[in-house]
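To keep things clear, I will list the structure first and then write my remarks on it.
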Amino acid sequence: MFMREKKVDCGQYREADIIPRTEKAEKVVKGKRGKRKKVSEPKQKDLNEKNAKRYLVQLGNGNFGTGDLHVSCTYDKDHLPGSIEEAEKIVNNYLRRIAYRRGKLGLDPLKYILVTEYKFDKAGQMIKRVHHHIIMNGGLSRDDVELMWTADRINWNKAQNDPQYRAGIKQMGWANADRIQTNENGIEALCKYIVKDPQGKKRWSSSRNLVRPVELPNADYKYTKKQIEKLAKSDDCGKEFFKKQFPNYDIVSIEPVYYEETGWHIYLKMWKKPDKKPGKKKGRKTGGKKK
């Protein structure tokens, strides 16, 4: 058995796993190693699983932060879709409308993560409680983002200048746009919130222009099993030690986990430190020759 350091980067965010592996298990795994590769996206049906949630956290932290938006959209009884496919068609039209509006205003292209959550009745025939969670980049006002949750065509000249016209636009249900606030873990709590209900079914998608999580080449035999056990049991979980291993990162989370079959695993989360701007070098003063 040996210890492996496995790293995944997404933008400025990094997760590192220090886990035990066996030579036997490595012989079973086929394929070339030692190259950067994209992390496999979770399948629709697997969104409730641990690895899928982890992928969404990586994707969210790598692309969104303070000032971006979390939008929740529901349907009233007059607009309730008859199928999940119809719901996805409606919300995709909504996103296209937002993307078009951003373009008209000269804003950056729309970036988003969309999670559609739904349930069926007891007979499994009729869809109910369908709603959407959208994480998107900021730029548009929250009022405008909420206003666009409508089947009506919006005259933006009137919408910006005529409160009565704006108030008369019928919504398809309830829409709420909140500014995202982050902590040391970025938007991890939000990503976990939008996929938290294990009783509901979920489908997800994202815009193509997101930075994707990338798995870096593994570092094997960098640590010993005894060393990792000592670090895991230490008061700071090895934080001072790992600061030296990742000098260009601010470590925000260290989670040691013990498994009966394999022993200690350590999971780290961190953010890349801002690049230091080079200061102006002081020029050496040279005196002119006296004539």
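Predicted model, so just to flag it, every value in this text is computed and none were measured.
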Cation-pi, [Y] ring and [X] (6.0 angstrom, 45 degrees):
X    : Y    : value
R101 : W156 : yes
K202 : Y118 : no
K222 : F246 : yes

Do [X] and [Y] sit within salt-bridge range, that is, some charged N less than 4.0 Å from a carboxylate O?
X    : Y    : value
K269 : E255 : no
D220 : K6   : no
E229 : K233 : yes
K89  : E86  : no
K192 : E188 : yes
E88  : R203 : yes

Mind checking whether [X] and [Y] have side chains closer than 4.5 Å, heavy atoms only?
X    : Y    : answer
D162 : N157 : no
V71  : M148 : no
S72  : H131 : no
Y94  : T150 : no
I18  : M3   : yes
R166 : Q164 : no
N176 : D178 : yes
Y55  : V57  : no

From [X] [atom1] over to [Y] [atom2], what is the distance, rounded to the nearest 0.5 angstrom?
X    : Y    : atom1 : atom2 : answer
D68  : Q181 : CG    : CD    : 12.5 Å
K119 : E117 : NZ    : CD    : 7.0 Å
K53  : I194 : NZ    : CD1   : 11.0 Å
Q227 : W264 : CD    : CH2   : 15.0 Å
E85  : I90  : CD    : CD1   : 12.0 Å
N61  : E15  : CG    : CD    : 8.0 Å

* **Plane angle bin for Y193 and H70 - parallel if under 30°, tilted between 30 and 60°, otherwise perpendicular** =>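 Rings of H70 and Y193: perpendicular, over 60°.
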Counting only N and O atoms by type, is there a donor-acceptor contact under 3.5 Å from the side chain of [X] to the main-chain atoms of [Y]?
X    : Y    : value
W149 : T74  : yes
N209 : L110 : yes
D144 : I98  : no

* To do: With sequence neighbours excluded, tell me which residues meet side chain to side chain contact (heavy atoms under 4.5 Å, CB included) with Y100.
  =>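 Expected list: K104.
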* Listed by chain and number, what are the side chain to side chain contact (heavy atoms under 4.5 Å, CB included) partners of S234, not counting sequence neighbours? ->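 Per chain and number, S234 pairs via side chain to side chain contact (heavy atoms under 4.5 Å, CB included) with D236.
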[X] versus [Y], closest heavy-atom pair with distance:
X    : Y    : result
L95  : M136 : CD2-CE, 4.3 Å
L59  : C10  : CA-SG, 4.1 Å
I135 : C191 : CD1-SG, 4.3 Å
D108 : R102 : O-NE, 2.8 Å
R212 : S207 : NH2-O, 2.7 Å
A87  : V130 : CB-CG2, 3.9 Å

* Stepwise side chain to side chain contact (heavy atoms under 4.5 Å, CB included) check, N137 with L69 -> CA-CA 6 Å; N137 50 336; L69 296 176; over 6 Å; no
* Do Y249 and W271 have their ring centres less than 6.0 Å from each other? ->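 No.
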* Asked: So, do Y75 and H132 have ring centers that fall under 6.0 Å from each other?
  ->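 Ring centres of H132 and Y75 closer than 6.0 Å.
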* **Test item: side-chain donor near acceptor, Y223 and E5, under 3.5 Å** =>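 E5 and Y223 do have a side-chain donor-acceptor pair below 3.5 Å.
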* Asked: Going by atom types only, do R96 and N93 share a side-chain donor-acceptor pair under 3.5 Å?
  ->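 N93 and R96 do have a side-chain donor-acceptor pair below 3.5 Å.
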If you group Ile, Leu, Val, Met, Phe, Trp and Tyr by side-chain heavy-atom gaps below 4.5 Å, do [X] and [Y] land in one group?
X    : Y    : value
L216 : F242 : no
Y112 : L107 : yes
M1   : L231 : no
M270 : F241 : yes
F64  : V39  : yes

Do other residues, nucleotides or ligands put more than 12 heavy atoms under 6.0 Å from the [atom1] atom of [X]?
X    : atom1 : value
K272 : NZ    : no
R179 : CZ    : yes
D235 : CG    : no

* D9/Q12 under side chain to side chain contact (heavy atoms under 4.5 Å, CB included): CA gap, chis, key distance, verdict -> CA-CA 7 Å; D9 284 357; Q12 303 300 303; over 6 Å; no
* Test side chain to side chain contact (heavy atoms under 4.5 Å, CB included) applied to R14 and K7, step by step -> CA-CA 7 Å; R14 168 175 286 185; K7 300 180 292 291; 3.6 Å; yes
